[in-house]
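Please read the structure below before turning to the comments.
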Amino acid sequence: MKIIDYIIAEDIRFETGNKFSVMGIYSDEIKLGLPSDITWPIPFRFGVFIRVEIENSDVPPNRFVLKIDVDEKDIARMEGNIEFKESVRTISLPLVISPFPLPGYGGIRFIFEIYNNDELISSESHSLQILPA
């Protein structure tokens with residue numbers, strides 16, 4: 001099993017014709033121009049687009065978990081089932097988290113895990129820094 005895309009963006013839109021549009025892709029930092037008297041947390045929007053390629057020899061996945069932590073404290077979690085069909089070798093997961101309670105400036109980490117029942121099959125994480133502009 002191989003994660004072939006792991007994109008963190010501002011938004012993901014569902015288009016006609018079984019397409020996805022990924023908007024505002026983040027690299028490794030987000031700079032926010034906010035007033036100095038801002039009250040945290042603030043509502044934010046994240047789109048996480050993940051594509052997984054499954055090989056014939058792989059154990060078929062049946063669920064996923066996306067955990068988000070800030071400075072190593074868990075603050076959000078999204079999970080769901082995966083209905084795997086033998087004829088499909090690539091699974092696309094367009095996940096939109098809104099509103100997301102952004103707690104302040106600092107490090108944020110997105111941890112994506114794929115399971116077969118309770119057995120962890122694959123895991124990958126991506127980190128961003130939230131900085132003042």
Side-chain angles (χ1 to χ4, degrees):
M1 182 167 311
K2 179 180 175 186
I3 296 175
I4 52 178
D5 291 309
Y6 194 141
I7 300 168
I8 300 170
E10 184 176 36
D11 195 12
I12 299 172
R13 297 183 189 156
F14 301 89
E15 307 288 348
T16 57
N18 199 29
K19 296 182 291 184
F20 304 103
S21 293
V22 181
M23 312 295 178
I25 297 171
Y26 296 117
S27 56
D28 58 349
E29 60 184 37
I30 300 172
K31 293 188 178 179
L32 299 176
L34 300 171
S36 60
D37 62 346
I38 189 78
T39 303
W40 300 96
I42 61 169
F44 207 74
R45 182 180 187 96
F46 282 111
V48 181
F49 184 77
I50 299 170
R51 282 192 324 145
V52 179
E53 184 176 64
I54 300 168
E55 297 178 12
N56 289 334
S57 61
D58 289 334
V59 173
N62 60 12
R63 69 183 186 95
F64 73 90
V65 176
L66 176 66
K67 298 183 278 191
I68 304 168
D69 70 34
V70 172
D71 296 326
E72 300 189 20
K73 293 169 74 176
D74 291 339
I75 61 168
R77 179 184 180 102
M78 177 184 281
E79 56 187 287
N81 294 327
I82 298 172
E83 292 187 25
F84 179 71
K85 297 178 183 176
E86 290 294 327
S87 61
V88 176
R89 303 316 304 169
T90 303
I91 298 171
S92 297
L93 296 168
L95 309 172
V96 177
I97 308 160
S98 179
F100 175 81
L102 191 64
Y105 299 117
I108 185 168
R109 188 169 59 143
F110 296 79
I111 305 143
F112 178 70
E113 300 172 336
I114 300 173
Y115 291 87
N116 177 282
N117 297 322
D118 290 330
E119 179 188 350
L120 178 65
I121 299 171
S122 181
S123 178
E124 190 167 324
S125 69
H126 283 274
S127 297
L128 297 172
Q129 287 294 314
I130 311 297
L131 306 170

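On a predicted model such as this, the values are computed, not experimentally measured, just so you know.
Distance check: Ile42 CD1 to Ile130 CD1 gives 9.0 Å after rounding to the nearest 0.5 Å. We find the CG-CD1 distance between Leu32 and Ile38 to be 9.5 Å, quoted to the nearest 0.5 Å. Rounding to the nearest 0.5 Å places CE of Met23 at 4.0 Å from CZ of Arg13. For the atom pair Glu53 CD and Lys2 NZ, the distance stands at 6.5 Å (nearest 0.5 Å). In this structure, CD1 on Ile97 lies 9.0 Å from CD1 on Ile12, to the nearest 0.5 angstrom. Here the CG-CD distance, from Leu128 to Glu29, works out to 9.5 Å after rounding to the nearest 0.5 Å.
One hydrophobic cluster holds both Val59 and Ile50 under the rule that ILVMFWY side chains link at heavy-atom gaps under 4.5 Å. Each of Phe14 and Leu95 belongs to its own hydrophobic cluster when Ile, Leu, Val, Met, Phe, Trp and Tyr are linked at side-chain heavy-atom distances under 4.5 angstrom. By the rule that hydrophobic residues join a cluster once side-chain heavy atoms approach within less than 4.5 Å of another member, Ile82 and Val65 end up as members of separate clusters. Phe20 and Ile25 fall within the same hydrophobic cluster, defined by Ile, Leu, Val, Met, Phe, Trp and Tyr side-chain heavy atoms under 4.5 Å apart, directly or through other members. Residues Leu102 and Leu66 share a hydrophobic cluster, clusters being chains of Ile/Leu/Val/Met/Phe/Trp/Tyr side chains in contact below 4.5 Å.
In terms of heavy-atom proximity, Ile121 sits nearest to Pro61 at CD1-CA, 4.0 Å. Across every non-hydrogen atom of Pro101 and Ile75, the tightest pair is O-CD1, 4.1 Å. Across every non-hydrogen atom of Trp40 and Pro103, the tightest pair is CB-O, 3.2 Å. For the residue pair Ile111 and Ser123, the shortest heavy atom distance occurs at CG2-OG, 4.2 Å. Heavy atoms only, all atoms of each residue included: Phe110 and Ile8 are closest at CD1-CD1, 3.3 Å. Smallest separation of non-hydrogen atoms from Val96 and Met78: O-CE, 3.6 Å.
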CA sep, side-chain torsions, deciding dist, call: Ser122, Val52, side chain to side chain contact (heavy atoms under 4.5 Å, CB included): CA-CA 10 Å; Ser122 181; Val52 179; over 6 Å; no

Val48/Phe112 under side chain to side chain contact (heavy atoms under 4.5 Å, CB included): CA gap, chis, key distance, verdict: CA-CA 10 Å; Val48 181; Phe112 178 70; over 6 Å; no

Chi angles and distances behind the side chain to side chain contact (heavy atoms under 4.5 Å, CB included) call for Ile108, Phe100: CA-CA 12 Å; Ile108 185 168; Phe100 175 81; 3.8 Å; yes

Ring pair (Phe, Tyr, Trp, His ring centres under 6.0 Å) between Phe46 and Phe44, intermediate numbers included: CA-CA 7 Å; Phe46 282 111; Phe44 207 74; 5.0 Å; yes

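Of the possible polar contacts, one joining the Asn116 side chain to the Pro60 backbone as a donor-acceptor pair under 3.5 Å is found. Under a 3.5 Å cut-off, the side chain of Arg89 and the backbone N or O of Ile54 do form a donor-acceptor pair. Here the side chain of Asp58 pairs a donor or acceptor atom with the backbone of Met1 at under 3.5 angstrom.
Remark: Glu119 CD is packed, more than 12 non-hydrogen atoms of other residues, nucleotides or ligands lying under 6.0 Å away. Within 6.0 Å of atom CD in Glu72, 12 or fewer heavy atoms from other residues, nucleotides or ligands are found, so the atom counts as exposed in its surroundings.
Listed by chain and number, the residues in a side chain to side chain donor-acceptor pair (under 3.5 Å) with Asn81 amount to none (sequence neighbours excluded). Every residue meeting the ring-ring contact (aromatic ring centres under 6.0 Å, His included) condition with Tyr6, not counting sequence neighbours, appears here in chain and number order: His126. A search for ring-ring contact (aromatic ring centres under 6.0 Å, His included) contacts involving Tyr115 returns nothing, not counting sequence neighbours.
Checked by atom type, the side-chain pair Arg45/Ser98 shows a donor-acceptor distance below 3.5 Å.
For the pair Phe64/Ile91, no side-chain contact is recorded, criterion being any heavy-atom separation below 4.5 Å from C-beta on.
Here Asp69 does not pair with Arg77 in a salt bridge; the nearest charged N to carboxylate O distance is not below 4.0 Å.
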